[in-house]
Amino acid sequence: MFDLTGMNALVTGASGGIGSEIARALAGQGARLALSGSNGAKLRAFREELNAGGGADHVEITCDLSATQQVEELVPAALDTFGSLDILVNNAGITRDNLAMRMKDEDWDAVIRINLEAAFRLMRAAARPMMKARFGRIVTITSVVGATGNPGQMNYAAAKAGLTGMTKSLAQELASRGVTANCVAPGFIRTAMTDALPDAQKDALNSRIPAGRMGESEEVGAAVAFLASREAAYITGQTLHVNGGMAMLG
Ligand code: NAP
């Protein structure tokens, strides 16, 4: 089950904390990956590590998602490399947090451009070849805060909620062509940043989560691999929440 052998996938933010585990999960199921990010050195190191594990010959494509022209070239570059694109994972994301009254225009703009607009451009570019192939999986990483809101994150929550609406619209446009579009919404995921928090703060965070712990990036990767699989063909326009029960959303 969930075998991705023979499938080609483009993953943005592939060398990040969650993106690298999404990449490992897809590669582990047999997919061949185009790993994308803005930091070429980080990306190359990760690609070499992934390729050393055997399996498919993965490639890296550097792209700054804040630069429109580079974003427009990313899907065509993956298509040039692979000849087809079966899976697109919009994972890259940034935060520029501040309370509403102090949020600067540039913090709003940067988050909307990278988290929302770039995903729109990539989905638009992937839609045509996937429709022609009568197969495609578009998985977008949102966040629990896109559904619940979060103080200090008007920009980030707006982008994540926007991705959900975009995904539902695209899902309706592409469903009859065998292409699905879904979101995976992580809650609190354990990262280097959360590891560095004092124990008291970690305990306070964990007490808000019915599972009693933060999630692992691998658990997000597994959700993406499932939605990318052939077995998930009848799931579209949905959000799979990976949050330990922290927010139980319809
Ligand atoms: P991360 O470790 O900071 O990784 C972010 C990734 O985005 C990096 O690979 C980075 O690549 C890429 N990126 C940032 N700016 C970019 C740009 N201008 N152009 C191209 N790539 C860019 O963050 P993460 O925690 O793994 O987050 C991954 C996704 O999960 C995000 O969408 C985030 O909103 C979501 N999420 C995270 C959590 C959590 O608890 N961590 C919770 C909910 C949702 P480069 O360094 O190469 O630029």
Side-chain angles (χ1 to χ4, degrees), residues 10-25 33-47 50 60-75 77 88-97 106-107 109-119 121-122 139-150 152-153 155-164 166-167 183-197 202 205-206 208-209 213-221 223-224 239-244 246-247 249:
L10 169 63
V11 181
T12 67
S15 58
I18 291 177
S20 57
E21 293 305 330
I22 292 172
R24 284 195 181 92
L33 306 184
L35 307 161
S36 191
S38 70
N39 182 329
K42 214 166 81 176
L43 214 50
R44 192 162 319 116
F46 179 58
R47 191 214 1 121
L50 210 57
E60 84 227 19
I61 307 176
T62 306
C63 173
D64 178 356
L65 293 176
S66 68
T68 302
Q69 190 56 37
Q70 290 187 38
V71 180
E72 291 291 349
E73 288 166 3
L74 182 54
V75 167
L88 167 66
V89 183
N90 290 303
N91 162 74
I94 61 164
T95 52
R96 294 281 184 275
D97 297 352
E106 50 265 38
D107 295 332
D109 289 344
V111 168
I112 297 299
R113 193 172 320 118
I114 292 170
N115 294 15
L116 184 65
E117 187 183 322
R121 293 182 186 282
L122 297 179
V139 184
T140 297
I141 308 304
T142 58
S143 167
V144 65
V145 310
T148 63
N150 201 26
Q153 292 198 307
N155 50 359
Y156 183 80
K160 295 301 189 182
L163 288 169
T164 310
M166 251 164 60
T167 297
C183 297
V184 170
F188 286 128
I189 302 302
R190 195 168 67 82
T191 58
M193 208 190 300
T194 54
D195 277 347
L197 293 173
K202 274 191 249 183
L205 277 177
N206 290 340
R208 293 171 52 194
I209 306 170
R213 65 170 178 86
M214 289 184 207
E216 300 293 335
S217 295
E218 292 88 333
E219 292 171 316
V220 179
V224 173
T239 294
L240 184 47
H241 290 275
V242 181
N243 66 25
M246 185 186 140
L249 300 150

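Residues take their numbers from the sequence shown, with the count starting at 1. Keep in mind that the numbers below use all heavy atoms, side chains included, and drop hydrogens, waters and symmetry copies. Start at 1 and go down the list; that is how both ligands and their atoms are numbered.
Enclosure of atom CZ in Arg190 is not indicated, since only 12 or fewer non-hydrogen atoms of other residues, nucleotides or ligands lie within 6.0 angstrom.
Within the set Val11, Thr191, Ile94, Asn91, the minimum heavy-atom distance to atom 29 (C) of ligand 1 is found for Asn91. For atom 21 (N) of ligand 1, the candidate residues are Ala185, Ser20, Ser38; the nearest heavy-atom contact is made by Ser38.
Residues Ala159 and Leu116 share a closest heavy-atom pair of O-CD1, 3.5 Å. When every heavy atom of Val145 is checked against every heavy atom of Ala157, the shortest pair comes out as O-CB, 3.6 Å. Nearest heavy-atom pair, Asn91 versus Gly13, reported as atom, atom and distance to 0.1 Å: ND2-O, 3.1 Å. Here the closest non-hydrogen pair linking Lys160 and Gly146 is CB-CA, 3.8 Å. For Leu240 against Ala223, the heavy-atom pair with the smallest separation is CD2-CB, 3.8 Å. The two residues Thr164 and Cys183 have their closest heavy-atom pair at CA-SG, 4.1 Å.
Residue Asn39 has at least one heavy-atom neighbour below 4.0 Å for each of these atoms of ligand 1: 45 (P), 47 (O), 48 (O). Here is the list of ligand 1 atoms found below 4.0 Å of a heavy atom in Cys63: 19 (N), 20 (C). In summary, the atoms of ligand 1 found under 4.0 Å from a heavy atom of Leu65, numbered by their order in the structure, are 17 (C), 18 (N), 19 (N), 20 (C). Within ligand 1, counting atoms from 1 as listed, the ones closer than 4.0 Å to a heavy atom of Gly187 are 40 (O), 42 (C), 43 (C). Close approach of ligand 1 to Gly17 (heavy-atom distance below 4.0 Å) involves ligand atoms 2 (O), 26 (O). Close approach of ligand 1 to Gly93 is summarised as follows: ligand atoms under 4.0 Å from at least one heavy atom of the residue are 5 (C), 7 (O), 31 (C), 32 (O). Counting the atoms of ligand 1 from 1 in the order shown, those under 4.0 Å from a heavy atom of Gly13 are 6 (C), 7 (O), 8 (C), 9 (O), 12 (C). The ligand atoms of ligand 1 that sit less than 4.0 angstrom from a heavy atom of Ser143 are 43 (C), 44 (C).
For ligand 1, the polar-atom distance check finds an N/O of Ile189 within less than 3.5 Å of one of the ligand's N/O atoms. Considering backbone and side-chain atoms alike, Pro186 places every N or O at 3.5 Å or more from each N or O of ligand 1. In terms of N/O distances under 3.5 Å, ligand 1 is approached by Lys42.
Asp64 and Ser38 share no donor-acceptor pair across their side chains, judged by distance under 3.5 Å alone.
Annotation: atom 4 (O) of ligand 1 to nearest protein heavy atom, Gly16 CA, 3.6 Å. The shortest contact between atom 33 (C) of ligand 1 and any protein heavy atom is with Tyr156 OH, 3.4 Å. The protein heavy-atom contact nearest to atom 37 (C) of ligand 1 is Ile18 CD1, 3.5 Å. Ala92 CB, 4.1 Å is the protein heavy atom nearest to atom 13 (N) of ligand 1.
Panel note: side chain Ser36, backbone Ile61; a donor-acceptor pair is recorded below 3.5 Å. Under the 3.5 Å distance criterion, the side-chain polar atoms of Thr62 are left unmatched by any main-chain donor or acceptor of Gly40.
For Lys160, the closest heavy-atom approach to ligand 1 falls below 4.0 Å. Not close to ligand 1: Gly215, with no non-hydrogen atom less than 4.0 angstrom away. Residue-ligand proximity: Thr142 is placed with a non-hydrogen atom under 4.0 Å from ligand 1.
No option in Leu35, Asn39, Leu43 other than Leu43 meets the side-chain contact (heavy atoms from CB on, under 4.5 Å) test with Ser15.
Closer than 4.0 Å to atom 23 (O) of ligand 1 lies none of the heavy atoms of the protein.
You'll find the side chain of Asn115 stays beyond 4.5 Å of the side chain of Asn155, heavy atoms only. Side-chain atoms of Thr194 and Phe188, non-hydrogen and from C-beta on, never get closer than 4.5 Å to each other.
Contact annotation for Ile114 and ligand 1: only side-chain heavy atoms (C-beta onward) come within less than 4.0 Å of the ligand.
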